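Keep in mind the model is a prediction, meaning the values are calculated, not measured.
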Amino acid sequence: MMAPGTIMAAITYISQILNGLMMLAMIFQSVSRGIASSRRLKEVLDTEPAIQDGTMEAPEEKGAVTFEHVSFSYPGNKTPVLKDINIDIQPGEFLAVIGSTGSGKSSFVQLIPRFYDVTEGCVRVDGMDVRDYKLEDLRKRISYVLQKSELFSTTIKDNIAIGNPSASFEEIQKAAVCAQADEFINSQKDGYDTAVAEGGMSLSGGQRQRIAIARALLKKSSVMIFDDSTSALDVKTEKAFREALLKEYPDVTKIIIAQRISSVMYADRVAVINDCELVACDTHDNLMKTCEIYQDICSSQMKGGEEDE
Ligand SMILES: Nc1ncnc2c1ncn2[C@@H]1O[C@H](COP(=O)(O)OP(=O)(O)O)[C@@H](O)[C@H]1O
Ligand SMILES: [Mg+2]
């Protein structure tokens with residue numbers, strides 16, 4: 001006959017031993033997962049980037065962009081996304097780009113900071129082939145607001161300052177004023193020190209876009225690309241931004257992709273991209289006379305058929 005104390009002791013010991021064994025099994029599991037993960041990580045770190053640095057000295061910065069017979073298809077994909085594009089964008093020009101969804105507008109501008117390499121032809125910035133630039137030199141000249149703006153979970157001020165970490169508060173504020181963001185930032189609880197939630201979820205789409213625009217303006221480069229980055233702004237705010245942009249940055253080359261005729265009609269020239277091709281590039285007035293596709297876009301929006309992407 002065993003005493004109850006002895007039985008309790010035995011149970012306690014057994015459960016302690018079991019616990020220990022279970023911990024050991026868990027450690028083994030973590031270790032083997034860790035080994036597998038580190039192997040995959042190493043694979044990524046060891047990958048040679050497809051975009052290799054060029055070696056030439058960068059020419060004087062002006063803001064000219066030229067496409068010469070550019071054709072492009074995404075790596076591993078044979079269907080061309082751009083076909084034989086030729087365009088000469090002058091320093092300080094305001095070029096708008098319009099075209100239906102999937103026509104290749106984003107792909108067109110992505111070739112300028114060399115996110116991808118052309119399949120045929122060449123893209124020149126200030127006269128030099130982008131493949132000859134050191135990537136750092138090339139990308140210093142270009143600011144780019146993505147179609148979907150990314151914000152980080154830090155303050156609004158720091159989110160804008162990513163464009164130029166050494167900028168003073170006055171410069172940050174000036175960029176925000178131009179981007180039409182100053183007003184709503186000041187109405188936030190802590191103004192410029194308001195924290196942004198993960199992914200910018202605490203802000204509306206238009207507010208996120210304006211912060212992303214301010215970030216690009218702060219970078220002060222000679223070419224600024226806005227990929228559909230005013231789509232969530234109302235027409236009045238967009239007009240105020242466009243006027244401020246033209247006034248504050250007259251010498252900067254501005255390439256603006258937009259869906260609305262009202263966003264593109266004041267540009268120096270409008271490039272119409274349709275089905276991978278640059279079908280026309282001219283002023284609004286001339287396109288209204290000569291370009292059927294542009295007339296179609298115009299009339300569909302006049303009838304109230306305007307749609308948001
Ligand atoms: N990363 C990618 N890989 C492969 N195909 C892509 C990629 N991005 C876009 N595409 C394709 O390229 C075409 C043009 O896309 P895009 O340049 O984004 O058009 P837009 O900006 O005019 O809407 C589309 O048919 C799209 O499916
Ligand atoms: Mg796009």
Side-chain angles (χ1 to χ4, degrees), residues 44-45 47-75 80-82 84-97 104-150 160-167 171 175 212-229 245 248-257 268-269 271 273 278 281:
V44 174
L45 293 175
T47 307
E48 286 253 316
I51 304 287
Q52 291 285 348
D53 245 354
T55 51
M56 306 243 292
E57 271 311 304
E60 195 196 333
E61 187 165 349
K62 293 199 183 82
V65 178
T66 315
F67 280 66
E68 284 170 11
H69 298 288
V70 169
S71 296
F72 172 65
S73 46
Y74 280 96
V81 175
L82 295 170
D84 196 29
I85 306 277
N86 289 290
I87 188 170
D88 223 335
I89 307 168
Q90 302 299 323
E93 184 173 359
F94 171 15
L95 179 85
V97 182
K105 303 182 297 297
S106 297
S107 310
F108 168 66
V109 292
Q110 274 176 26
L111 297 178
I112 304 171
R114 203 176 165 216
F115 291 165
Y116 294 96
D117 270 336
V118 298
T119 318
E120 265 172 61
C122 89
V123 177
R124 292 179 193 281
V125 171
D126 291 329
M128 188 159 99
D129 193 323
V130 290
R131 286 167 290 195
D132 293 333
Y133 275 91
K134 294 191 191 80
L135 281 177
E136 198 191 328
D137 289 342
L138 176 67
R139 290 180 185 166
K140 246 195 288 187
R141 296 174 179 228
I142 300 166
S143 357
Y144 188 172
V145 185
L146 295 175
Q147 194 158 5
K148 192 180 165 301
S149 39
E150 291 296 343
I160 298 177
I162 293 169
N164 177 6
S166 59
E171 288 174 296
I213 292 172
R215 182 191 290 165
L217 295 176
L218 188 65
K219 193 175 159 195
K220 282 210 205 89
S221 35
S222 56
V223 180
M224 291 185 186
I225 303 171
F226 303 91
D227 188 348
D228 223 351
S229 39
L245 180 70
E248 301 285 337
Y249 302 90
D251 303 328
V252 170
T253 308
K254 298 158 276 279
I255 303 176
I256 298 187
I257 299 182
D268 294 326
R269 282 190 298 168
I273 296 192
L278 180 68
C281 184

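Between the side chain of Lys140 and the main chain of Ser221, no donor-acceptor pair closer than 3.5 Å is present. Side-chain atoms of Ser71 do not come within 3.5 Å of backbone N or O of Glu120 as any donor-acceptor pair. Within the 3.5 Å criterion, the main-chain N or O of Gln147 finds no donor-acceptor partner in the side chain of Ser229. Side-chain atoms of Arg114 come within 3.5 Å of backbone N or O of Gln52 as a donor-acceptor pair. No donor-acceptor distance shorter than 3.5 angstrom exists from the side chain of Asp88 to the backbone of Thr66, with no hydrogens or angles considered. Between the side chain of Lys148 and the backbone N or O of Leu146, no donor-acceptor pair lies under 3.5 Å. Put simply, the side chain of Lys220 never gets that close to the backbone of Asn164: no donor and acceptor are under 3.5 Å apart.
Here the closest heavy-atom approach between residue Thr253 and residue Ala64 is recorded as OG1-N, 4.5 Å. Across all non-hydrogen atoms, the minimal contact from Leu218 to Ala167 is CD1-CB, 3.8 Å. The two atoms that bring Val145 and Phe226 nearest to each other are CG2-CD2, 3.6 Å, heavy atoms only. The two residues Val70 and Cys122 come nearest to each other via the heavy atoms CG2-O, 3.3 Å. Scanning both residues, Pro113 and Ile225, for their nearest heavy atoms gives CD-CD1, 4.4 Å. Smallest separation of non-hydrogen atoms from Gly92 and Asp268: O-OD2, 4.3 Å.
Atom CG in Asp129 sits 8.5 Å away from atom CD in Glu68 (nearest 0.5 Å). Distance check, rounded to the nearest 0.5 Å: CG of Asp228 to CD1 of Ile256 gives 11.0 Å. Atom CG of Leu278 sits about 8.0 Å away from atom CG of Asn86, to the nearest 0.5 Å. We find the CE-CG distance between Met128 and Asp137 to be 7.5 Å, quoted to the nearest 0.5 Å. Rounding to the nearest 0.5 Å gives a distance of 11.5 Å between OG of Ser143 and CD1 of Ile213. Taken to the nearest 0.5 Å, the CG atom of Leu217 stands 4.5 Å off from the OH atom of Tyr249.
Considering only heavy atoms from C-beta on, Lys219 stays 4.5 Å or farther from Tyr144 through its side chain. With contacts defined as side-chain heavy-atom distances shorter than 4.5 Å, the pair Tyr133/Pro59 qualifies. Taking the side chain as every heavy atom from C-beta outward, Asp126 and Arg141 approach each other to under 4.5 Å. Between Phe67 and Leu111 there is a side-chain heavy-atom pair separated by less than 4.5 Å. Between Val97 and Ile255, some side-chain heavy-atom pair lies under the 4.5 Å cut-off. With a 4.5 Å cut-off on side-chain heavy atoms, Val130 and Val118 do not count as touching. For the pair Cys281 and Leu95, the minimum side-chain heavy-atom distance is below 4.5 Å. Annotation: side chain of Glu57 is in contact with side chain of Lys134 (closest heavy-atom distance under 4.5 Å).
Listed by chain and residue number, Tyr74, Tyr116 satisfy the ring pair (Phe, Tyr, Trp, His ring centres under 6.0 Å) test with Phe72 (two or more places apart in sequence, or in another chain).
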Please walk me through it: do Val65 and Glu93 pass side-chain contact (heavy atoms from CB on, under 4.5 Å)? CA-CA 10 Å; Val65 178; Glu93 184 173 359; over 6 Å; no

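Side-chain atoms of Asp53 and Thr55 include no donor-acceptor pair closer than 3.5 Å.
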